[in-house]
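Everything below concerns the one structure shown next.
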Amino acid sequence: SKNEDYGLLVDIQPSWDFDAGKIVAKMAYRVLDGKNPAPVLTGEKKFTVAFDWGGGAAFYNGYMRTTQMLLIEILNKLQPTAAKYPADNKTANINIKDLANMEKPVSLGTGFYFNNSGQLLTANHVLDECLVIRTKSNDKEQDATLGVNSALLDLAVLDTGVKTEHFLPLRKKQELILGEMVSSVGFPLQGLLAETPNLTRGNVSAKSGMKGSQGLFQFSAPIQPGNSGGPIISESGQLLGVAVSTLNSKYLIEKGILPQNVNFGLDATYIARFLRKNSLVFSETSDGNTKNIQVSNDAALAASVRVACYQ
């Protein structure tokens, strides 16, 4: 985008709600002058409009009216002029963190280091339209930037720029053994459970996913919202896949079907291809005869982090 001049910057956080069959359009706002971190004005406007079951005109009308009210309030309270707020700021210098709502993430997931240079793998859908991405491990938070990603594979690479000795290798040749025991690490139900990684056990229940899908396998280790992007590892501590989804239990229960622990991971074969295609460094190890579950689980826990997306 162009590097344009501005005097005032209006940061809007829209939301909506329902109230007795009506739509309530809300807009919280902050006005920044580009010179001070604190906003020169904050507020919220809302407008209620009758719900329209047709083409969504109620949403359009609600937000249009709320926007008008917001701008009128800003003009009345600040009475901006070119002399009062000169356009001597540059849009290129805007700190994205000043615009993002850092109080509550819009999505949460799990990531893990795959090399010692501080690069993480996670599920791409966790990072949908993030302004700011933050990772957290052992109560330490740090910013991350989105590198390469694939919506088709639901896979993304994050770069923290911080070297680490805790990272997960892939199994050599990425062989997946039907029935083998696996562990899944993640940060499920964040806001309800403690902010510490959870580890669950299960097995590879099928080498394929849903009918018609490709690159997925089924595993039985229980997962919850927040597990997306977490590693699925072997008893030798090798990466076998990335947790990406689970069956829609609510939909199936309505159909009279009660699914149990049917979860899907992206096969490490596709992960390796993705990493090689993008010239990203990773390691591979042989399965070996000695399997120490405690050592492999500790390694997976140390390599995993919480991923938060802010807008």
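The residues of the chain are indexed from 1 along the displayed sequence.
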For the pair Phe114 and Leu275, evaluate side-chain contact (heavy atoms from CB on, under 4.5 Å) and give the outcome as yes or no after the intermediate values. CA-CA 10 Å; Phe114 64 91; Leu275 295 176; 3.9 Å; yes
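- Between Pro169 and Leu239 there is no side-chain heavy-atom pair separated by less than 4.5 Å.
- Counting only N and O atoms by type, the side chains of Thr145 and Asp159 include no donor and acceptor under 3.5 Å apart.
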Please step through salt bridge (Lys or Arg N to Asp or Glu O under 4.0 Å) for the pair Lys45 and Glu73, ending with a clear verdict. CA-CA 9 Å; Lys45 304 302 292 183; Glu73 181 169 280; 3.1 Å; yes
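- In this structure, Ser137 and Val305 approach most closely via the heavy-atom pair CB-CG1, 3.7 Å.
- Using a 4.5 Å cut-off on side-chain heavy atoms (C-beta onward), Pro14 and Lys26 make no contact.
- No side-chain heavy atom of Val31 sits under 4.5 Å from any side-chain heavy atom of Thr42.
- A donor-acceptor pair under 3.5 Å links the side-chain atoms of Asn115 to the main chain of Val281, judged by distance alone.
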Apply the test side-chain contact (heavy atoms from CB on, under 4.5 Å) to residues Lys46 and Asp17: give CA-CA distance (whole Å), side-chain angles for both, the deciding distance (0.1 Å), then the verdict. CA-CA 10 Å; Lys46 61 182 180 180; Asp17 201 355; over 6 Å; no
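- Between the side chain of Thr160 and the backbone N or O of Gly118, at least one donor-acceptor pair lies under 3.5 Å.
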Worked verdict on Phe274 versus Leu266 for side-chain contact (heavy atoms from CB on, under 4.5 Å): CA-CA 11 Å; Phe274 172 80; Leu266 177 66; over 6 Å; no
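- The distance from the CG atom of Leu99 to the NZ atom of Lys97 is 12.5 Å, given to the nearest 0.5 Å.
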Could you go through the side-chain contact (heavy atoms from CB on, under 4.5 Å) check for Phe187 and Asn227 one step at a time? CA-CA 6 Å; Phe187 291 79; Asn227 273 92; over 6 Å; no
Give the intermediate values and the outcome of side-chain hydrogen bond (donor to acceptor under 3.5 Å, both in side chains) for residues Asn124 and Asp154. CA-CA 5 Å; Asn124 186 64; Asp154 197 6; 4.9 Å; no
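- Cluster membership for Ile12 and Leu71, using ILVMFWY side-chain heavy atoms within less than 4.5 angstrom, is shared.
- The environment of Lys173 atom NZ is sparse: at most 12 non-hydrogen atoms of other residues, nucleotides or ligands sit within 6.0 angstrom.
- Residues Thr285 and Gln238 approach most closely at O-NE2, 2.8 Å, considering heavy atoms.
- Glu175 has no carboxylate O lying under 4.0 Å from a charged side-chain N of Lys207, or vice versa, which leaves the two without a salt bridge.
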Start with the C-alpha gap between Thr246 and Asn263, add the side-chain angles, then the distance that decides, and say whether side-chain hydrogen bond (donor to acceptor under 3.5 Å, both in side chains) holds. CA-CA 4 Å; Thr246 187; Asn263 310 306; 2.6 Å; yes
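- When every heavy atom of Ile223 is checked against every heavy atom of Ser245, the shortest pair comes out as CD1-O, 3.8 Å.
- Within 6.0 Å of NZ in Lys22 there are 12 or fewer heavy atoms belonging to other residues, nucleotides or ligands.
- In this structure a side-chain-to-backbone donor-acceptor pair under 3.5 Å is present from Ser107 to Val126.
- By the neighbour-count criterion of 12 heavy atoms within 6.0 Å, atom CG of Leu152 is sparsely surrounded, having that number or fewer from other residues, nucleotides or ligands.
- The CG atom of Leu131 sits 9.5 Å away from atom CE of Met102, with the distance rounded to the nearest 0.5 Å.
- Checking side-chain atoms of Asn89 against main-chain N and O of Tyr6 turns up a donor-acceptor pair under 3.5 Å.
- Looking at heavy atoms from C-beta onward, Arg134 lies in side-chain contact with Tyr310 at the 4.5 angstrom threshold.
- Distance check: Glu103 CD to Gln13 CD gives 9.0 Å after rounding to the nearest 0.5 Å.
- A donor-acceptor pair under 3.5 Å is absent between the side-chain atoms of Ser183 and the main chain of Arg201, judged by distance alone.
- Looking only at distances, a side-chain donor or acceptor of Lys84 sits under 3.5 Å from a matching main-chain atom of Leu78.
- Using a distance-only test at 3.5 Å, with no hydrogens or angles considered, no donor-acceptor pair links the side chain of Ser220 to the main chain of Ser205.
- Side-chain atoms of Tyr113 and Gln119, non-hydrogen and from C-beta on, never get closer than 4.5 Å to each other.
- Side-chain contact between Val157 and Leu120: absent, with no pair of heavy atoms (C-beta onward) separated by less than 4.5 Å.
- Hydrophobic clustering (side-chain heavy atoms under 4.5 Å, transitive across Ile, Leu, Val, Met, Phe, Trp, Tyr) keeps Leu176 apart from Val244.
- Applying the side-chain contact (heavy atoms from CB on, under 4.5 Å) test between Val307 and each of Thr110, Ile133, Leu108 identifies Ile133 as the sole match.
- Heavy atoms only, all atoms of each residue included: Arg171 and Ser234 are closest at NH2-CB, 3.3 Å.
- Of all non-hydrogen atoms in Asp88 and Lys35, the two that sit nearest each other are OD1-NZ, 3.0 Å.
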Begin from the C-alpha positions of Gln174 and Glu284 and carry the test side-chain hydrogen bond (donor to acceptor under 3.5 Å, both in side chains) through to its verdict. CA-CA 9 Å; Gln174 289 79 58; Glu284 298 174 282; 2.7 Å; yes
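- In the hydrophobic cluster analysis, where Ile, Leu, Val, Met, Phe, Trp and Tyr join through side-chain heavy atoms closer than 4.5 angstrom, Phe59 is grouped together with Met69.
- Formation of a donor-acceptor pair under 3.5 Å by the Tyr63 side chain with backbone atoms of Ser15 is found in this model.
- The aromatic rings of Phe18 and Trp16 lie perpendicular to each other, with more than 60° between the two planes, well past the 30° mark.
- Across every non-hydrogen atom of Leu121 and Ile271, the tightest pair is CD1-CG2, 3.7 Å.
- In this structure, the separation between CD on Glu180 and OG on Ser236 is 9.0 Å, given to the nearest 0.5 Å.
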Before giving the answer on side-chain hydrogen bond (donor to acceptor under 3.5 Å, both in side chains), spell out for Asn116 and Thr164 the whole-Å C-alpha distance, their side-chain angles and the decisive distance to 0.1 Å. CA-CA 5 Å; Asn116 65 356; Thr164 178; over 6 Å; no
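- Remark: Cys130 SG to Ile96 CD1 distance equals 12.0 Å, nearest 0.5 Å.
- Atom CG of Asn76 sits in a crowded spot, with more than 12 heavy atoms from other residues, nucleotides or ligands closer than 6.0 Å.
- Between the OH atom of Tyr270 and the CG atom of Leu153 there is a distance of 8.5 Å, given to the nearest 0.5 Å.
- The shortest side-chain heavy-atom distance between Asn203 and Phe219 does not fall under the 4.5 Å cut-off.
- Remark: side-chain polar atoms of Ser304 are not paired, donor with acceptor, to backbone N or O of Leu301 under 3.5 angstrom.
- Under the 4.5 Å side-chain criterion, counting only non-hydrogen atoms from C-beta, Val182 is not in contact with Glu235.
- The hydrophobic cluster containing Met181 does not contain Ile177, counting ILVMFWY residues as joined when their side-chain heavy atoms lie under 4.5 angstrom apart, directly or transitively.
- Residues Leu170 and Leu155 share a single hydrophobic cluster, defined by chaining ILVMFWY side chains whose heavy atoms lie under 4.5 Å apart.
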